Amino acid sequence: MDKNLGYLISRLAIGLSFFGHGLVRLPKLDGFSKWMMGQFEKSILPDALVLPFSYTLPILEFVAGLMILIGLFTRQGLLLAGVTSLALIFGTTMIENWEALPSQLIHVAFLSILLAYLPYNSYAVDKILKK
């Protein structure tokens with residue numbers, strides 16, 4: 001029981017982080033994209049790669065966060081968040097934003113642990129659908 005509750009609290013924490021990141025950026029998507037393009041203007045990454053990612057990132061964060069929060073397709077939500085985090089880590093290294101890296105690595109650690117302990121995901125829509 002305690003392991004299931006511990007899992008729930010961790011799942012909700014990481015889900016809220018991704019959901020919140022996406023939620024606050026979606027209403028100001030153009031501004032976020034312009035900001036991100038400015039961050040990458042001196043990197044080796046081409047605008048043709050950064051621009052679509054800057055518009056896609058908030059959507060990915062929002063969707064992954066929502067999936068994780070409600071526990072619907074939890075495994076897929078965790079994987080989506082993980083792949084998104086890996087892309088963010090790559091981008092962070094390309095602009096040498098070393099201050100952001102620890103936070104991103106902590107997110108990946110949370111996601112990895114949640115994937116490894118997925119059988120403890122008892123309080124989730126996934127469990128209701130399995131019945």
Side-chain angles (χ1 to χ4, degrees):
M1 176 81 161
D2 286 344
K3 289 179 183 178
N4 296 343
L5 288 172
Y7 188 93
L8 175 64
I9 291 168
S10 295
R11 193 190 84 218
L12 292 176
I14 199 73
L16 281 171
S17 180
F18 277 89
F19 181 78
H21 272 88
L23 184 64
V24 299
R25 292 173 174 166
L26 284 173
K28 53 184 179 183
L29 201 50
D30 286 332
F32 175 75
S33 176
K34 288 176 186 166
W35 171 81
M36 186 176 252
M37 291 298 293
Q39 295 292 303
F40 282 86
E41 66 187 2
K42 294 181 183 175
S43 79
I44 63 170
L45 297 176
D47 288 352
L49 187 62
V50 177
L51 184 63
F53 185 75
S54 71
Y55 279 100
T56 306
L57 176 60
I59 297 165
L60 294 172
E61 291 171 325
F62 180 82
V63 170
L66 184 60
M67 292 169 73
I68 295 166
L69 264 178
I70 64 175
L72 179 62
F73 306 116
T74 308
R75 181 178 183 278
Q76 292 84 351
L78 292 168
L79 290 171
L80 176 61
V83 169
T84 302
S85 295
L86 293 174
L88 286 169
I89 289 170
F90 177 72
T92 296
T93 62
M94 292 297 99
I95 61 173
E96 299 181 75
N97 183 5
W98 309 121
E99 296 80 28
L101 197 54
S103 173
Q104 293 168 341
L105 291 170
I106 290 168
H107 277 81
V108 170
F110 259 90
L111 295 166
S112 299
I113 291 167
L114 288 169
L115 272 169
Y117 289 92
L118 198 57
Y120 293 107
N121 189 29
S122 295
Y123 303 106
V125 174
D126 289 339
K127 287 293 183 184
I128 296 168
L129 295 177
K130 281 187 178 180
K131 290 183 180 183

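Keep in mind that this is a model prediction, so the values were computed, not measured.
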Checklist entry - Going from CD1 on I128 to NZ on K130, what distance comes out if it is rounded to the nearest 0.5 angstrom? => result 12.5 Å
Next on the checklist: Quick check: closest heavy atoms across K127 and P119, and the distance to 0.1 Å?
Outcome noted: NZ-O, 4.4 Å
Checklist entry - In this structure, are over 12 heavy atoms from other groups packed under 6.0 Å from F32 atom CZ? => result yes
Show me the side-chain donor-acceptor pairs of residues 41-53 shorter than 3.5 Å, one per line, residues at least two apart or across chains.
unit_1	atom_1	unit_2	atom_2	d
S43	OG	F40	O	3.0
S43	OG	L45	N	3.2

Checklist entry - Do L5 and L16 belong to the same hydrophobic cluster, where Ile, Leu, Val, Met, Phe, Trp and Tyr are linked whenever their side-chain heavy atoms lie under 4.5 Å apart, directly or via other members? => result yes
Next on the checklist: Using only atom types and a distance under 3.5 Å, with no angle test, would you say the side chain of S85 pairs donor to acceptor with the backbone of A81?
Outcome noted: yes
Next on the checklist: When you compare the side chain of L80 with that of F18, does any pair of heavy atoms fall below 4.5 Å?
Outcome noted: no
Next on the checklist: Hydrophobic clusters here meaning ILVMFWY residues chained together by side-chain heavy-atom distances under 4.5 Å, can you tell me if M1 and L12 are in one?
Outcome noted: yes
Checklist outcome for this item: Result for side-chain contact (heavy atoms from CB on, under 4.5 Å) between L111 and one of V83, I14, T84 points to I14
Checklist entry - With sequence neighbours excluded, what pairs up with L118 under the side chain to side chain contact (heavy atoms under 4.5 Å, CB included) test? => result Y7, T74, R75, L78, N121
Checklist entry - Once you round to the nearest 0.5 Å, how far does CG of L57 lie from CG of L26? => result 9.5 Å
Run the side-chain donor-acceptor check on residues 62-72: report pairs under 3.5 Å with partners two or more places apart or on a different chain.
none

Item to check | Minimum heavy-atom distance R11-Y123, with the two atoms named | outcome: NH1-O, 2.8 Å
Item to check | Rounded distance (nearest 0.5 Å) linking atom CG of L29 with atom OG of S54 | outcome: 7.5 Å
Checklist entry - In Å, rounded to the nearest 0.5 Å, how long is the span from CG of L101 to OG1 of T93? => result 7.5 Å
Item to check | Minimal non-hydrogen separation, H107 against S17, with atom names | outcome: NE2-OG, 2.7 Å
Checklist entry - Is it the case that one hydrophobic cluster holds both F90 and I106, taking links as side-chain heavy atoms less than 4.5 Å apart, direct or via other members? => result no
Checklist entry - To the nearest 0.5 Å, what is the distance between OH (Y55) and CE (M36)? => result 12.0 Å
Checklist entry - Cluster question for you: counting only ILVMFWY and a side-chain heavy-atom cut-off of under 4.5 Å, with indirect links fine, are I89 and M94 together? => result no
Checklist entry - Is there a path from L88 to I95 through hydrophobic residues (I, L, V, M, F, W, Y) whose side chains come within less than 4.5 Å of each other? => result yes
